[in-house]
**Q** 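Please see the structure below; I have some questions.
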Number of protein chains: 2
Amino acid sequence: MRMTDNVVQYILSLLEAEHGSAEFRRNELAETMGCVPSQISYVISSRFTPEQGYLVESRRGGGGYIRITRVQRDAPTLLMHLVNSIGESLDRTTAGVILSNLAERKILSVRDAKLMATAVSDQALSAAAPDIRDNLRAGILKNLLMAAYSAT
Amino acid sequence: MRMTDNVVQYILSLLEAEHGSAEFRRNELAETMGCVPSQISYVISSRFTPEQGYLVESRRGGGGYIRITRVQRDAPTLLMHLVNSIGESLDRTTAGVILSNLAERKILSVRDAKLMATAVSDQALSAAAPDIRDNLRAGILKNLLMAAYSAT
DNA sequence: TAAAATGATAGTCAAACAAAGTCAAAAAGG
DNA sequence: CCTTTTTGACTTTGTTTGACTATCATTTTA
């Protein structure tokens, strides 16, 4: 398993245990996970972004910390924000992060998330030239999320 | 015996051992089979297609993998016939007919059918030039049908 | 006491690494 | 011939690492 996934899991468990808010020291977490500190930064910047519904605050220097807070919004609002944040292009990694996050937060069923992931996969889009796949992904996923919301 | 057939056999045995889903690293498998990595890609693209009842997922980069999932053993034969009849191109009218038919016959839930219809709609595919949309529809729908009935 | 030094943090960025994907040419079958 | 298979060079994607920078609180110094 990737270090990235381990760190994600660990942070999610912290969020779970503390009802939506996790605070830690970057170096300490890196130590317990057995990775370099910048890996923590990588995980946060790729997996706990505002688009994913997380607020990240931090402070450097002595007594520094990183705090991640799950933004509390009802499902429709969260979906709307998400759809608006997607724009014209969506790479597959981000698509995957979005969908697993929605499933994790129980905004989508695991089944819906899997179907959507399939719909935006490279396999499904193989008929399109690689350089427009990200545009297709954006269009497809936005439509799917809207559909999932309105068909609830 | 051809290398291709050896690789097919090996993957089939993995699928058997793991009840319908096999995950491996392309390079590793190539190593154990004694072939170049791209041969694995060739085998997958020619022998583990949706037409043959398989769904393929993959990831690049560190910790990358290829995962092949077989369709459920009790998947409706109609579904498989359908996937085979689709070919390289599927116009939106036919897609609509197919999906409402599947829902009608209760092979798909109404929700799944609606999501799939959204995924192959012109709206969702607006980023693609009109002349390739039918090709995209074919690829997307075939993959979605496999996903809806994939083992595990 | 104000300024400077110190040490404890987190942030940034690019390079190194670890995969899988693509494509076209060569080889092998039929 | 024509199709399928085999091969390998090259591309793209995603992760990991580490050197360097920025910031903040505390302690020392002038």
**Q** Measuring from B:Leu55:CG to A:Lys114:NZ, what's the distance to the nearest 0.5 Å?
**A**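 B:Leu55 atom CG to A:Lys114 atom NZ measures 10.5 Å (nearest 0.5 Å).
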**Q** Could you state the CG-P distance from A:Asp134 to D:dT12, rounded to the nearest angstrom?
**A**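 In whole Å, D:dT12 P and A:Asp134 CG are 13 Å from each other.
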**Q** Quick one: closest heavy-atom pair of A:Ala119 and B:Ala119, and the distance?
**A**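 Closest heavy-atom pair between A:Ala119 and B:Ala119: CB-CB, 4.1 Å.
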**Q** Checking A:Asp134 now: which residues fulfil side chain to side chain donor-acceptor pair (under 3.5 Å) with it, not counting sequence neighbours?
**A**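 Partners of A:Asp134 by the side chain to side chain donor-acceptor pair (under 3.5 Å) criterion, ordered by chain and then number, come out as A:Arg137.
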**Q** May I have the distance from B:Glu57 (atom CD) to C:dG21 (atom C1'), rounded to whole angstrom?
**A**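 Taking atom C1' of C:dG21 as the reference, CD of B:Glu57 is at 16 Å.
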**Q** At less than 4.0 Å, is any side-chain N or O atom of A:Thr4 found next to OP1 or OP2 of D:dT16? Yes or no.
**A**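 Yes, within the criterion.
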**Q** For nucleotides 20-22 of chain D, which of its nitrogen or oxygen atoms have a protein nitrogen or oxygen under 3.5 Å away, and what is each distance?
**A**
from   : atom 1 : to      : atom 2 : distance (Å)
D:dA22 : O4'    : A:Arg60 : NH1    : 3.1
D:dA22 : N3     : A:Arg60 : NH1    : 2.9

**Q** Taking only side-chain nitrogens and oxygens of A:Ser38, does any of them come within less than 4.0 Å of OP1 or OP2 of C:dG11?
**A**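 Checking A:Ser38 against C:dG11: no side-chain N or O falls below 4.0 Å of OP1 or OP2.
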**Q** Under 3.5 Å, is there a donor on one side chain and an acceptor on the other for A:Ser41 and A:Arg26?
**A**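 A pair is found: one side chain offers a donor N or O, the other an acceptor, under 3.5 Å apart.
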**Q** Mind listing the closest non-hydrogen atom pair of B:Ser89 and B:Ala138 along with its distance?
**A**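 Where B:Ser89 meets B:Ala138 most closely, the heavy atoms are N-CB, 3.7 Å.
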**Q** Scan A:Arg67 against the nucleic acid and name what it touches under 4.0 Å (heavy atoms): base, sugar-phosphate only, or nothing.
**A**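 Here A:Arg67 touches no strand at all.
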**Q** Report yes if at least one side-chain N or O of B:Asn27 is closer than 4.0 Å to OP1 or OP2 of C:dA18; otherwise report no.
**A**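 So the side chain of B:Asn27 is outside the cut-off, no N or O lying under 4.0 Å from OP1 or OP2 of C:dA18.
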**Q** Which heavy atom of A:Val8 sits nearest to which heavy atom of A:Arg47, and what is that distance?
**A**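 Answer, listing the atom of A:Val8 first, then A:Arg47: CG2-CG, 3.7 Å.
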**Q** What's the shortest heavy-atom distance between A:Tyr10 and A:Ser13, and which atoms?
**A**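 For A:Tyr10 versus A:Ser13, the nearest heavy atoms are O-OG, 2.7 Å.
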**Q** Map A:Gly63 and A:Cys35 onto DNA chain D by nearest heavy atom, then report which one ends up closer to the 5' terminus.
**A**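 Its nucleotide being nearer the 5' end, the pick is A:Cys35.
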**Q** Any base atoms under 4.0 Å from A:Ile40, or only sugar-phosphate, or nothing? Heavy atoms, all strands.
**A**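 Nothing, no nucleic acid heavy atom in range.
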**Q** Roughly how many Å is it from CZ in B:Arg59 to P in C:dC17, rounded to a whole number?
**A**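 That distance rounds to 21 Å.
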**Q** How many Å lie between CG on B:Asn6 and C1' on D:dT6, as a whole number?
**A**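 From B:Asn6 CG to D:dT6 C1': 13 Å.
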**Q** Judged by each residue's nearest nucleotide on DNA chain D, which is more toward the 5′ side, B:Gly34 or A:Thr93?
**A**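 Closer to the 5' end of DNA chain D: B:Gly34.
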**Q** Going by heavy atoms closer than 4.0 Å, what residues in residues 120-132 of chain A are next to DNA chain D?
**A**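 Those residues whose heavy atoms fall under 4.0 Å from DNA chain D, taken from residues 120-132 of chain A, amount to none.
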**Q** A:Tyr54 ring centre to A:Arg105 NZ or CZ under 6.0 Å, with the angle to the axis within 45°?
**A**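 Output yes; distance and angle both within limits.
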**Q** Tell me the interatomic distance from A:Asp91, atom CG, to D:dT15, atom P, rounded to whole angstroms.
**A**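 Between P of D:dT15 and CG of A:Asp91: 10 Å.
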**Q** Please evaluate the base of C:dG21 for a donor-acceptor partner in the side chain of B:Arg26 within a cut-off of under 3.5 Å?
**A**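 Yes, the side chain and the base share a sub-3.5 Å donor-acceptor pair.
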**Q** Does the side chain of A:Ser58 get closer than 4.0 angstrom to OP1 or OP2 of C:dG11 through an N or O atom?
**A**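 Answer is yes, contact under 4.0 Å.
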**Q** Take atom CE of B:Met1 and atom P of C:dG29, then tell me their distance rounded to the nearest Å.
**A**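 From B:Met1 CE to C:dG29 P: 14 Å.
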**Q** Among side-chain atoms of B:Thr49 and B:Gln52, is any donor-acceptor pair under 3.5 angstrom?
**A**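 Yes - a donor-acceptor pair under 3.5 Å links their side chains.
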**Q** Do the side-chain N or O atoms of A:Arg2 get closer than 4.0 angstrom to the phosphate oxygens (OP1, OP2) of D:dT13?
**A**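 Answer no for this pair, as no side-chain N or O of A:Arg2 is under 4.0 Å from OP1 or OP2.
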**Q** Give the rounded distance in Å between these two atoms: CD of A:Gln39 and P of C:dT12.
**A**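 Going from CD in A:Gln39 over to P in C:dT12 covers 16 Å.
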**Q** Is the side chain of A:Arg133 donor-acceptor paired with the backbone N or O of A:Ala128 at a distance under 3.5 Å, no angle test?
**A**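 Yes; at least one donor-acceptor contact below 3.5 Å.
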**Q** Can you check the B:Tyr42 OH to C:dA20 C1' distance for me, whole Å?
**A**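 Computing the B:Tyr42:OH to C:dA20:C1' distance gives 19 Å.
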